[in-house]
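Report on the following structure.
Lettering of chains follows the sequences in order, A, B, ..., and the numbering in each one begins at 1.
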Number of protein chains: 2
Amino acid sequence: MKVSKEKMAEHREKIIASAAKRFREHGFEGIGVAELMKEAGLTHGAFYGHFASKEELVELALERAMRDSTAKLEKVIAEAQGDPWQALAEFYLSLRHRKNAVTVCIFPSLGGEIARQPTGVRSAVTDGLQGILSLLGRAIRGKTEKSRRRKAIAAFASMVGGMVLARSTEDPTLSAEILEAVSEALPDIAASAPTP
Amino acid sequence: MKVSKEKMAEHREKIIASAAKRFREHGFEGIGVAELMKEAGLTHGAFYGHFASKEELVELALERAMRDSTAKLEKVIAEAQGDPWQALAEFYLSLRHRKNAVTVCIFPSLGGEIARQPTGVRSAVTDGLQGILSLLGRAIRGKTEKSRRRKAIAAFASMVGGMVLARSTEDPTLSAEILEAVSEALPDIAASAPTP
DNA sequence: ATTATCTATAGATCTATAGATAATGC
DNA sequence: ATTATCTATAGATCTATAGATAATGC
């Protein structure tokens, strides 16, 4: 039942890709090794030939997810007609994203759990977060590098918190109201002058 | 081993209070019925005399936690010298709160998991969230009720997202930078004019 | 010969229930 | 007599490992 090197590399990719989706959908504790392996078409015993532990997969899956969603944000900014922050708001704070955590930013769906993860995992998240913040900082006009970064942080925090709140209620009116309110505020946050 | 009605009511209170803390600390799946009961000085078998299921406790614990933290926010606003939003930023986005999820707002620590909870739980969260938003709306000066509410939503989203991001990195410099950037932006978000 | 995967299982959880026990409160 | 709690356990997880199997790749 051995497979070729290429097949094995494909399997590894499939497992990480599945994990990156399912963790966002169910949380780190909401999906087990066995089911992730099943989704990749393998049995659970083969897992430990690929990874030392579930924790290692958590780390790799988060890196993958962050790389993907950062690339997506970059594309949205690059293709924006007019204010990139309006484009970011429409993309990130959409009804589609509220419903599907699977392929979207890790922070609204996994932020709380990440805070409880061991150092290796949190360290990987730090790298990804720095990447997002420097990407967003480049989409802000401001005098100093420092002020651009501060605005980028405040703006990204709004996006993440807005999605957390929109997802935490089952009332569709309130949920839509949250997405709209934050979307509307976002361009101002990204451009607002720092408090004197 | 039966106890008096008053003792039983005390036990119930203790279990809910423990759960409200431990869920915020470890997540809903990170702490079991047995350990929660141990913290209340009881054995796990007694749990089902108090609650129909763990899910029922999740709902009650979230209601309790939200009631407590809303009261705390109300107090911060009432006692603020000057801009209440500066006081809210100092209180909510503090280093102390970054470290201790236990007694603080449920959304940064449990927001992602709440989105995956059944209707009963999410419905309880909706009520609590409406309470927080109307409290915060009263702390905003704005022409219309609608504009005050929109600002309250955007501001609360920033607070929640800011804490999520600050907690998700183990880099103390980045974490402090996030808390400062969002704190600085918050009064502007709460007061900013809506985009035309 | 090496090794990726499979089958089977150990050992540790976790939620929930059943029946026994002992204290309350009519 | 009623009932809150305790002890014990069922049944279903979950992570991780051991040994067998069968295909790769020297």
Side-chain angles (χ1 to χ4, degrees), chain A residues 1-62 110 113 116-121, chain B residues 1-62 110 113 116-121:
Chain A
M1 306 179 175
K2 190 185 172 184
V3 299
S4 68
K5 277 185 181 175
E6 294 86 47
K7 268 284 173 218
M8 197 195 177
E10 271 178 44
H11 290 168
R12 186 184 164 90
E13 286 300 299
K14 240 184 191 171
I15 300 165
I16 294 172
S18 283
K21 286 183 189 172
R22 296 309 145 224
F23 285 151
R24 274 177 283 188
E25 190 176 4
H26 300 113
F28 301 129
E29 296 167 297
I31 185 127
V33 166
E35 200 168 333
L36 288 171
M37 290 301 279
K38 200 176 176 182
E39 190 165 313
L42 300 166
T43 59
H44 57 282
F47 181 87
Y48 294 91
H50 288 277
F51 313 102
S53 62
K54 190 185 180 186
E55 188 187 318
E56 189 184 318
L57 179 62
V58 166
E59 194 177 319
L60 292 165
L62 285 176
L110 296 170
E113 288 166 77
R116 297 172 219 127
Q117 294 296 309
T119 309
V121 174
Chain B
M1 305 179 177
K2 190 186 172 182
V3 298
S4 68
K5 276 186 180 174
E6 294 86 46
K7 269 284 173 218
M8 198 196 177
E10 270 178 44
H11 290 168
R12 187 185 165 89
E13 285 301 298
K14 240 185 190 169
I15 300 165
I16 295 172
S18 283
K21 286 184 187 171
R22 296 310 144 224
F23 285 151
R24 275 177 282 189
E25 190 176 4
H26 300 112
F28 301 130
E29 295 167 297
I31 185 125
V33 165
E35 200 168 332
L36 288 171
M37 291 300 278
K38 201 175 175 183
E39 191 167 312
L42 300 164
T43 59
H44 57 283
F47 180 88
Y48 294 91
H50 288 277
F51 313 102
S53 63
K54 191 186 179 186
E55 188 187 318
E56 188 184 319
L57 179 63
V58 166
E59 194 177 318
L60 292 166
L62 285 177
L110 296 170
E113 288 165 77
R116 296 172 220 126
Q117 293 297 310
T119 309
V121 174

### Leu42(B) side-chain proximity, nearest of dT15(C), dT5(C), dC6(D)
dC6(D)

### Query
Any ion pair linking Glu35(A) and Lys38(A) (charged N to carboxylate O, less than 4.0 Å)?
no

### Task
Indicate, yes or no, whether a donor-acceptor pair under 3.5 Å links the base of dT3(D) to the side chain of Lys2(B).
no

### Task
Choose from dA16(C), dT15(D), dT5(D) the nucleotide whose nearest atom is closest to any side-chain atom of Lys54(B).
dA16(C)

### Query
Below 4.0 angstrom from OP1 or OP2 of dA16(D), is there any side-chain N or O of Tyr48(A)?
yes

### Query
Between Glu113(A) (side chain) and Gly27(A) (backbone), is there a donor-acceptor pair under 3.5 Å?
no

### Query
Any sub-3.5 Å donor-acceptor pair from Arg12(B)'s side-chain atoms to Met8(B)'s backbone N or O?
no

### Value in whole Å for how far the P atom of dT5(D) lies from NZ of Lys7(B)
11 Å

### Message
Nearest heavy atom decides the nucleotide; on that basis, is Phe47(B) or Gly49(A) closer to the 5' end of DNA chain C?
### Response
Gly49(A)

### Gln117(A) versus Phe28(A), closest heavy-atom pair with distance
NE2-CD1, 3.4 Å

### Watson-Crick or G-U wobble mate for dT13(D), both contacts under 3.5 Å
dA12(C)

### Query
Of all the choices, dA16(D), dT5(D), dA4(C), which nucleotide is nearest to the side chain of Met8(B) once you look at every atom?
dT5(D)

### Task
Between dT5(D), dT24(D), dT24(C), spot the one nearest the side chain of Ser4(A), thanks.
dT24(D)

#### Entry: For dA23(D), the Watson-Crick or wobble partner whose two distances fall under 3.5 Å
dT2(C)

### Task
Please tell me which of Lys5(B) and Glu55(B) maps to the more 5' nucleotide of DNA chain C, matching each residue to the nucleotide holding its nearest heavy atom.
Glu55(B)

### Task
Counting heavy atoms from C-beta on, name the nucleotide in dC6(C), dA16(D), dA16(C) closest to the side chain of His44(A).
dA16(D)

### Query
In terms of the nearest nucleotide of DNA chain D, which residue is placed more toward the 5' end: Gly30(A) or Ala52(A)?
Gly30(A)

